[in-house]
Amino acid sequence: MTISEKMAERLLKITIWVVIGYAVMGALGSAYRLFNGGKFDILMLIPIWLVYVGFKILKRDNYWRKTLLACCWVIAVLLLFLDGNSLVKNGTFFPAGFNIVYQVSFGLLLLGNIWTLMVLHHPAVKRIFTKQNMKVPEWKLYRQDGPPLLPGYFLDFDHASGFRNHTGGENKHADAICPICGRKLILYLHLDLAAPELAALRIPARRKELDFYYCMRCYLLESDFQYRVDPKNGNFCATQFDQKPEGYSYGDEWKEEFNDCEFLPERSFGLAPISSEIQEFLEKSSEDYHEYFLEYKDAMAPEMKDFWDPNADYSGPNQVGGKLYLLQNVNEMECAYCRELHRRQQKMSYIITLANRPSRSIKIAYDGVQILFAICPACGSIGAGQSCD
């Protein structure tokens, strides 16, 4: 089941406060027995320990989340073993000698442990505890060194292919939520990896499609953003974003230019190969935008007229693969998933640029803004960012 991080926060708080309340009652019961002449037992310290663990988890300490998770597994397995053993020997789920009070307590303890396991192990709850690791590294200039991940193609909106490649469309992942504003992320591009031109993006090989998400309604627009969609179960997980608590909100701009929509209109497209001459023009224009671009754009315009309006919009073409036209210098992204999970530095490759196409009535970004997407060649994580003139 997929849930938003806000719902995960609520479930976590409720669950942990119930655990703390249960532990407090246990501690009070132990204290009552001691004051009435009972003997001290080391097990009496467990409720106090649970209270401590509960407050640590409420402070987002992932170590104690894992500790409580392990304890719940041990208790749940032990209780299920006792249930099974009693069922075989006595024909009842409860051990012999248990009255109704003990039976209810036993059942609540088992169900409580199973519920706590489900909550603490849920992917949305795990993401709450990994946010502390989502720090954006210092800015470093990205260079298009070496061969591109795949050949370059313009998005041809006049000739759609037989594959499900499109810009816009509804958000397909219920858990693809913006970590800053809490609204659904905007789907900017969907690539059907069954297309032979896109075979190089099947990372890992079983991946069948790629969805490119971003949010231009909040502070996320000013931060490099990374996420990963698990190819096995389709779960979405944000892996890096700038967590400044206060930042400029672009909500008013989004309402004005996009009518506060929840998704962009879906537009299918084909893939038009980029010639070597145009590819060289795009690459050199990125390196020396003001001089090379302005000098050669008129000569290149006839060949690019179906894919770009260089005289009307300087934000660049809609492109997948190849050497990209970068409106400005951009930050080199290092894959956060590989860094945190595999402890290795993995440079991501920018593979997509998106911009408005006035001549085709395509509005996908703010005027003068270029949207950029990168991919990790090792794990398939996606990075999103933007630049503007």
Side-chain angles (χ1 to χ4, degrees), residues 148-174 176 184-203 206-217 227 229 231 234 236 254 257-275 278-279 282 301 303-310 312-313 315-322 324-325 349-367 369-375 380 382-384 386:
L149 199 59
L150 74 161
Y153 299 92
F154 286 135
L155 307 193
D156 187 352
F157 293 99
D158 297 328
H159 303 91
S161 68
F163 300 97
R164 292 200 69 253
N165 296 316
H166 58 82
T167 58
E170 295 192 41
N171 183 329
K172 302 174 184 178
H173 296 90
K184 278 191 172 185
L185 289 167
I186 300 295
L187 175 63
Y188 280 91
L189 186 71
H190 172 83
L191 293 181
D192 183 353
L193 301 187
E197 300 94 332
L198 304 175
L201 300 182
R202 297 169 192 161
I203 307 168
R206 61 178 170 272
R207 196 180 294 279
K208 298 180 180 180
E209 59 184 14
L210 280 174
D211 288 318
F212 295 86
Y213 291 107
Y214 199 32
C215 182
M216 303 185 76
R217 300 164 296 198
Y227 63 89
V229 177
F236 176 98
W254 186 260
E257 296 200 29
F258 292 93
N259 198 28
D260 203 29
C261 65
E262 292 296 327
F263 58 90
L264 300 173
E266 184 174 317
R267 294 287 296 269
S268 299
F269 61 83
L271 297 171
I274 302 176
S275 68
I278 295 297
Q279 187 68 88
L282 295 173
E303 190 173 343
M304 293 191 299
K305 63 181 176 62
D306 293 329
F307 312 110
W308 189 15
D309 311 322
D313 186 359
S315 300
N318 294 287
Q319 179 180 341
V320 175
L324 302 175
Y325 168 83
S349 298
Y350 284 96
I351 58 165
I352 292 169
T353 60
L354 298 176
N356 294 334
R357 287 293 314 282
S359 66
R360 297 297 190 275
S361 301
I362 294 174
K363 185 167 180 61
I364 203 168
Y366 298 127
D367 291 338
V369 173
Q370 181 185 53
I371 301 175
L372 303 158
F373 289 104
I375 189 170
I382 301 295
Q386 58 84 24

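For the numbers below, each heavy atom of this structure counts, side chains included, while hydrogens, waters and symmetry mates do not.
Ring geometry for Y366 versus W254: interplanar angle over 60°, hence perpendicular rather than tilted (30 to 60°).
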Original post:
Passes side-chain contact (heavy atoms from CB on, under 4.5 Å), I362 versus N356? Steps please.
Top reply: CA-CA 6 Å; I362 294 174; N356 294 334; 5.9 Å; no
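Within the 4.5 Å cutoff, side-chain heavy atoms of Q319 are placed close to those of L282. No side-chain heavy atom of V320 sits under 4.5 Å from any side-chain heavy atom of N165. The shortest distance between side-chain heavy atoms of L155 and L271 falls below 4.5 Å. Between F163 and L198, the closest side-chain pair of non-hydrogen atoms is not below 4.5 Å. The shortest distance between side-chain heavy atoms of F258 and F263 does not fall below 4.5 Å.
The minimum heavy-atom distance between D192 and R164, with the atom names listed, is OD2-N, 3.2 Å. Closest approach of V229 to F236, counting heavy atoms only: CG2-CD1, 4.0 Å. The nearest pair of heavy atoms linking E257 to A365 is OE1-O, 4.5 Å. For the pair T353 and P317, the tightest heavy-atom approach, listed with the atom from each and the gap, is OG1-O, 3.0 Å. Minimum heavy-atom separation, C215 to L185: CB-CD2, 3.8 Å. Across R207 and L193, no two heavy atoms sit closer than the pair O-CD1, 3.7 Å.
Considering CG of L150 and CG of L201, their distance stands at 5.0 Å, rounded to 0.5 Å. Distance check, rounded to the nearest 0.5 Å: CE of M216 to CD1 of I371 gives 4.5 Å. Of the inter-residue distances, the one linking L191 atom CG with E209 atom CD reads 10.0 Å to the nearest 0.5 angstrom. Between F212 atom CZ and T167 atom OG1 the span is 13.0 Å, to the nearest 0.5 Å. Between the CG atom of D211 and the CD1 atom of I382 there is a distance of 9.0 Å, given to the nearest 0.5 Å. Between L189 atom CG and L354 atom CG the span is 5.5 Å, to the nearest 0.5 Å.
For K184 and E170, the salt-bridge test fails: no basic side-chain N is under 4.0 Å from an acidic carboxylate O.
When the side-chain hydrogen bond (donor to acceptor under 3.5 Å, both in side chains) test is applied to K172, the partners found at least two apart in sequence or on another chain are H190. With sequence neighbours excluded, the residues that form a side-chain contact (heavy atoms from CB on, under 4.5 Å) with P148 are K323. Every residue two or more places apart in sequence or in another chain that forms a side-chain hydrogen bond (donor to acceptor under 3.5 Å, both in side chains) with Y213 is listed here: N171, H173.
Put simply, the side chain of E197 never gets that close to the backbone of P273: no donor and acceptor are under 3.5 Å apart. Side-chain atoms of N318 come within 3.5 Å of backbone atoms of A355 as a donor-acceptor pair (strictly under, hydrogens ignored). In this structure a side-chain-to-backbone donor-acceptor pair under 3.5 Å is missing from N259 to C261.
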